[in-house]
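So you know, we letter chains A, B, ... as the sequences are listed, proteins then strands, and number each from 1.
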2 protein chains.
Amino acid sequence: MPGTIQAAMKRGVTIKDIAKKLNMSVSTVSKALNNDVSISALTSERVKALAKQLNYIPNEAARHFKLAKSFTLGLIIPDILDQYYAVAANGVEETAEKNGYNVILTQSHEDEQKEDRIVDVMIRNRVDGVIVSITKNRTDMQPFEKLLSIGIPVVCIGREPKSGQFDYVSSNNHDGAVMATEFLIGKGHRRIAHLMGPAGMRTSQARFEGYKQALANHGIPFRNELTECVDLTRAGTFAAMQRLMRLPEPPTAIVTFKNYVTLDAIDYLKKYYPELVDKVQFTGFGNLPILHHLDHKPLASIEESSFEMGEEAARILFERIGEDGENTERVYRSSQLPCRLVVHDDGE
Amino acid sequence: MPGTIQAAMKRGVTIKDIAKKLNMSVSTVSKALNNDVSISALTSERVKALAKQLNYIPNEAARHFKLAKSFTLGLIIPDILDQYYAVAANGVEETAEKNGYNVILTQSHEDEQKEDRIVDVMIRNRVDGVIVSITKNRTDMQPFEKLLSIGIPVVCIGREPKSGQFDYVSSNNHDGAVMATEFLIGKGHRRIAHLMGPAGMRTSQARFEGYKQALANHGIPFRNELTECVDLTRAGTFAAMQRLMRLPEPPTAIVTFKNYVTLDAIDYLKKYYPELVDKVQFTGFGNLPILHHLDHKPLASIEESSFEMGEEAARILFERIGEDGENTERVYRSSQLPCRLVVHDDGE
DNA sequence: GTGAAAGCGCTAACAC
DNA sequence: GTGTTAGCGCTTTCAC
């Protein structure tokens, strides 16, 4: 029985119901609810009082449709189980919430096809902006260029965009690697190896540069055989460690690309060179809380500001959303957030 | 200049544009796009061809509004950084995606006020259903009852609802605790302690019951002083461990409520009873991947099927969404997913 | 097999 | 300070 009170209750109270009960027009009610200055205090109060009494809940779907704005941000990260991204997501969400926005959080699982589909869904749902940490093997930026072309701004985080048309927020990987390496140099090491990330990622390159820079700063010659690429799998790290430890002169310290690489490398030593596990010293990117519980851990970690990265990305995105899409002459920004060196005490 | 081709491009191609170009009505185009049987194959093809050519992207916001359905699920978990919930979220998302649904993932951070606000946002956004792991201290179910009252189904996961009106999916905590305890009994232990979770949580109670059940099964008397509640903080675990270890006869094995409690308990031993750290044996809930890297780890873990929990919750939710809201005589379901005992090998 | 038209709930000119 | 009205893009009856 459409039109009955029953149906209306089920459907939810609308602005029209309020208008009718108050003998006003819907526009007056709408304005009152939106604190329009042209509405008298009395009217405004009457409207709000009745709205509360009737348990009026605005239908955002209708607003979104009408305003052609979804008040929703799309966020694409490789994996929610990687705390680096989970924390960044928190930064995005907090900033979004402050701006009255929702976030649709999605994972690409490093699958480009999945990423393409996600972008499609976001377009269909008319998100107002997208923050993305692109899949590691992507070579083109096609779906993201599509977003820009239809007026949806995009901000990249963590992983550098493959073309220059995007805002980009990341850690200062170069300086972080310098800090990690210089810390080991300060501890007296001279044969310092580098377990470098995948060569295709700019992040790997930046950290590699920082590593070399630190060596140069201290007059230590760079040796090619002391840098090994890993593919971020346990097997890959084991293979790399094997090559390093079988050198005529193995390293006495190692700068690693990432948390999990460090842990796998230490496991490798535990298994094959147990006598060296307390000798070879590590520093590396990432500071997992779990490190506290480990007996064999890196000497120090490079803590990245991933929460702040998410915040900054969202801030930039909101600026872009606020901009008039007309002026095509934009300057794309690239911000590098500082890293922090955290020394792990051995006692407690 | 509204109405120009420029504006149209910016605005996006609509069903109307397609209709005009093809000299058809919008209803025909709509039906063709939605594979309505009443449309001829030829028409359907022409419409789809032009849609593709014009790069038509349906405006979901308009559909949602028209259909009074958002094709969106709300998910509320305490913390995304807790992998237990992150994995459950993945289960929800995968199932949602299969059904063409989006998920709005939110975190309560164990704050009831925040949770209230989240539910409000979800109502405003007209989500079609909600999956929630309620904050641990909540005593009422008020916001969730409100959801039900306006026809939005709710499924609880992991944490038991405080009233009987909700579907609920969780691990079989009782049987898991039995397994954990019997495993230690099988290793010859007789003085087995239990680091129990917060007394207010039904999960804690269920695990506690399982622990007692296992003891009873093997004719081991339950001793009150061997069970200590923890509040899930490191300090709380340390205090509980202190009481246990200062007993005239300290336990030789301990069943813990959760991963992090185990790790903190082991840390306590490392610090204050280093000679016992390899003697006192642990089993407990949760199987973090990071456990592999630890030197001192539990003998075995009770792995919960949290991914499956998310899947199952989403499945139930979709059933409810499909139901006609009319029949008030619902039977609310409570499913307990089995746990798995995982023994940690010492080698590799 | 196709078209005309109403309307979902809301906002924003514009008129008064 | 308030009301009238058009319309966002789409689906869906109901006619033909």
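A salt bridge links Glu60(B) to Arg63(B): at least one charged side-chain nitrogen sits closer than 4.0 Å to a carboxylate oxygen. With respect to Arg320(A) and Asp167(A), a salt bridge is recorded, a charged nitrogen being found less than 4.0 Å from a carboxylate O. Between Lys146(B) and Asp116(B) no salt bridge is recorded (no basic side-chain N to carboxylate O distance below 4.0 Å). A salt bridge is defined here as a Lys NZ or Arg NE, NH1 or NH2 lying under 4.0 Å from an Asp or Glu carboxylate O, and Lys136(B) with Glu115(B) fails to meet this definition.
Here His109(A) contributes atom NE2 and Thr106(A) contributes atom OG1; the two are 9.5 Å apart, rounded to the nearest 0.5 Å.
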Might you list the N or O atoms of the protein lying below 3.5 Å from N or O atoms in nucleotides 4-7 of chain C, with each pair's distance?
residue : atom : partner  : partner atom : Å
dA4(C)  : N6   : Ser27(B) : OG           : 3.1
dG7(C)  : N2   : Lys66(B) : NZ           : 2.7
dG7(C)  : N3   : Lys66(B) : NZ           : 3.4

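Rounded to whole Å, atom P of dT11(C) lies 14 Å from atom NZ of Lys16(A). Rounded to whole Å, atom P of dC8(C) lies 14 Å from atom CZ of Arg126(B). Nucleotide dG9(C) holds its P atom 6 Å from the CZ atom of Phe65(B), rounded to whole Å. If you measure from atom NE2 of His64(B) to atom C1' of dC8(D), you get 15 Å, rounded to the nearest angstrom. If you measure from atom CD1 of Ile15(A) to atom P of dC8(C), you get 14 Å, rounded to the nearest angstrom. One atom, CD1 of Ile57(A), and another, P of dG9(C), lie 14 Å apart when rounded to the nearest Å. For the pair Lys20(A) NZ and dG3(D) P, the computed distance is 15 Å after rounding to whole Å. Going from atom CZ of Arg63(B) over to atom C1' of dT12(D) covers 13 Å, rounded to whole Å.
Across residues 32-47 of chain A, Asn34(A) each have a non-hydrogen atom less than 4.0 Å from an atom of DNA chain C (numbered order).
Sorted by first and then second residue, the salt bridge (charged side-chain N to carboxylate O under 4.0 Å, His left out) pairs involving residues 93-108 of chain A (not counting sequence neighbours) are Glu94(A)-Lys98(A), Glu97(A)-Lys114(B), Glu97(A)-Arg117(B).
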Please determine whether ring-ring contact (aromatic ring centres under 6.0 Å, His included) holds for the pair Phe318(B) and Tyr101(B), giving the CA-CA distance in whole Å, both sets of side-chain angles, and the decisive distance to 0.1 Å. CA-CA 10 Å; Phe318(B) 280 120; Tyr101(B) 267 66; 4.8 Å; yes
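Using a 4.0 Å cut-off, some side-chain N or O of Tyr56(A) falls inside it from OP1 or OP2 of dC10(C).
For the 3.5 Å distance criterion, the side chains of Ser30(A) and Ser27(A) fail to qualify, holding no donor opposite an acceptor.
Listed nucleotides dT11(D), dT11(C), dG3(C) differ in distance to Leu67(A); the shortest reach to its side chain belongs to dT11(C).
More than 12 heavy atoms of other shown residues, nucleotides or ligands fall within 6.0 angstrom of atom NZ in Lys69(B).
Residues Asn23(B) and Ala62(A) each lie close to DNA chain C; by heavy-atom proximity, the contact nearer the 5' end of the strand is made by Asn23(B).
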